[in-house]
Number of protein chains: 2
Amino acid sequence: MNIGQASKTTGVSERMIRHYERVGLMPPPDRRDNGYRDYSPQSVERLRFIANARDLGFSLEEIATLLGLWDDRERTSSEVKTVALAHAEDLGRKAAALEAMRSALLDLAEGCSGDNRPDCPILSGLAERRPR
Amino acid sequence: MNIGQASKTTGVSERMIRHYERVGLMPPPDRRDNGYRDYSPQSVERLRFIANARDLGFSLEEIATLLGLWDDRERTSSEVKTVALAHAEDLGRKAAALEAMRSALLDLAEGCSGDNRPDCPILSGLAERRPR
DNA sequence: ATCAACCTTGACATCATGTCAGGGTCAAGA
DNA sequence: TCTTGACCCTGACATGATGTCAAGGTTGAT
């Protein structure tokens, strides 16, 4: 299967398929006589694994770890679970941080009349000195 | 005030102070005879504005807009509020996306025994074809 | 005079991804 | 057979916000 087809069936752009190869997430595929990459069903499955992991917010580095475990028949499920739960915690922290920003911003905006006068507590709030 | 002092009192790194100047968020400061940047209290206040806005997750581009409004005595508070609320919505969307990832990941991890056997629904889940 | 702590500019690195340039290849229709 | 359009190749530059390093000039205190 050519790279275009692999891209279509996995939703991974050709650019990123080549990138994953370069950084070692994907093994160098077979090449046809003309130099075109030729992907096996196994490679496509691996691409899908990467795409799914990206959709769950894993970094390429974390995905390298997951692929290593996937490839390793001696892995223990606890190793996998550890990586997954650590990432879930990370996601939770990041979501909470964004929510905290949102809440602080809404607090500021609450006092803003939003009419055509220039006075605005949002701007004055942003200009104030804040702890750290 | 030298850049080091400005950095200390605002918490903005020297690197970023120079960067904000380069991209036009900060006006070019006065220079001493030796070429050192010399910051006025007004400049320091502007730096603090930027730092606070960054803490609320505004991009430098959004901050440019906010600074433009801050500088403009003819602004209306509704212009400011519009920018702020749009960003709050953005933050909410991003937080929700992270939470959705987290929840999907925890769903996967729930079925994983986390012991020393190799079977792991997290890995098989990641390998499955998913609607994208 | 020396030394540490400043300051200067410039360049390279990060991370995941897009896009473009300048080519080669292939298949189908005229 | 020639052309056309859809593929494919590599390499390079861009993004955003930030860090870090290099190589040099300045200042202030001993």
Side-chain angles (χ1 to χ4, degrees), chain A residues 1-26 28-40 43-44 47-67 87 90-91 94 97-98 101 132, chain B residues 1-26 28-40 43-44 47-67 87 90-91 94 97-98 101 132:
Chain A
M1 187 186 301
N2 283 347
I3 197 172
Q5 194 55 40
S7 171
K8 268 178 201 152
T9 65
T10 61
V12 179
S13 71
E14 301 183 16
R15 172 70 175 83
M16 290 317 296
I17 295 179
R18 297 192 185 101
H19 184 60
Y20 296 155
E21 178 184 337
R22 170 164 311 215
V23 300
L25 261 48
M26 292 293 296
D30 287 346
R31 298 283 187 145
R32 297 185 193 280
D33 288 349
N34 55 20
Y36 289 12
R37 289 172 178 79
D38 188 12
Y39 291 97
S40 67
S43 290
V44 171
L47 271 180
R48 222 153 8 216
F49 184 105
I50 297 174
N52 288 332
R54 285 298 294 141
D55 285 348
L56 291 179
F58 286 98
S59 70
L60 296 193
E61 196 178 356
E62 290 169 320
I63 293 173
T65 301
L66 291 172
L67 286 170
H87 181 57
D90 201 34
L91 290 171
K94 283 175 178 159
L98 291 179
M101 289 180 196
R132 297 202 45 119
Chain B
M1 188 185 301
N2 283 347
I3 197 173
Q5 193 56 40
S7 172
K8 267 176 202 156
T9 65
T10 61
V12 179
S13 71
E14 301 182 16
R15 172 72 175 78
M16 291 316 297
I17 295 178
R18 297 194 186 99
H19 184 60
Y20 296 155
E21 177 183 337
R22 170 164 309 215
V23 300
L25 292 185
M26 292 293 297
D30 288 345
R31 297 284 188 143
R32 298 185 193 278
D33 288 348
N34 56 19
Y36 289 12
R37 289 171 177 80
D38 188 12
Y39 291 97
S40 68
S43 289
V44 171
L47 271 180
R48 226 161 354 223
F49 184 105
I50 297 174
N52 288 333
R54 285 296 295 139
D55 285 348
L56 291 179
F58 285 99
S59 69
L60 295 194
E61 196 178 356
E62 289 168 318
I63 292 173
T65 302
L66 291 173
L67 286 170
H87 180 59
D90 202 33
L91 289 171
K94 283 176 179 158
L98 291 179
M101 288 180 196
R132 304 188 29 113

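Proteins get letters first, then strands, A, B, ... in listed order; numbering begins at 1 in each.
Comparing D:dC9, C:dC6, C:dA16 against the side chain of B:Y36 picks out C:dC6 as the nearest. Taking only side-chain atoms of B:E14, from C-beta outward, the nucleotide of C:dC7, D:dA17, D:dC7 with the closest atom is C:dC7. You'll find that the side chain of B:N34 is closest to D:dT27, out of C:dA16, D:dT27, D:dG11. Of the candidates C:dA16, D:dC8, C:dT9, C:dA16 carries the atom nearest the A:R54 side chain, counting heavy atoms from C-beta on. Of all nucleotides listed (C:dT17, C:dG24, C:dC7), C:dT17 comes nearest to the side chain of A:R15. Considering only side-chain atoms of B:K8, the nucleotide from D:dG19, D:dC9, C:dC6 that sits closest is C:dC6. Nearest nucleotide to the B:R31 side chain, out of C:dC7, C:dT9, C:dT17: C:dT9.
Whole-Å rounding puts the B:D30 CG to C:dC7 P distance at 16 Å. Distance, A:I17 CD1 to C:dT17 C1': 14 Å, rounded to whole Å. If you measure from atom CZ of A:F58 to atom P of C:dA16, you get 13 Å, rounded to the nearest angstrom. The nearest whole Å value for the distance from the CG atom in A:N2 to the P atom in C:dG24 is 19 Å. Per the geometry, CD1 belonging to B:I63 stands 10 Å off C1' belonging to D:dA17, to the nearest Å. A:L25 places its CG atom 11 Å from the P atom of C:dT17, with the value rounded to the nearest Å. Rounded to a whole Å, the CZ atom of A:R22 is 14 Å from the C1' atom of C:dA16. Distance A:L60 CG to C:dT17 P: 6 Å, rounded to the nearest Å.
Side-chain contact between B:I17 and B:Y39: present, with at least one pair of heavy atoms (C-beta onward) separated by less than 4.5 Å. Residues B:T10 and B:I50 fail the side-chain proximity criterion, which asks for heavy atoms closer than 4.5 Å. Side-chain contact between A:V12 and A:R48 is absent, with no heavy-atom pair separated by less than 4.5 Å.
A:V23 pairs in a side-chain contact (heavy atoms from CB on, under 4.5 Å) with only one of the listed residues (A:M26, A:E21, A:H19), which is A:H19.
Base engagement by B:R18 is indicated by at least one non-hydrogen atom pair under 4.0 Å involving a base atom. Heavy atoms of B:Y20 sit under 4.0 angstrom from primed sugar atoms or phosphate atoms, though from no base atom.
Between A:S59 and C:dC15 there is no side-chain polar atom (N or O) within less than 4.0 angstrom of OP1 or OP2.
One distance of note links CG of B:N34 with CZ of B:R31; it measures 10.0 Å at 0.5 Å rounding.
Looking at which nucleotide of DNA chain D each of B:S13 and A:I3 is closest to, the 5′-most match is held by A:I3.
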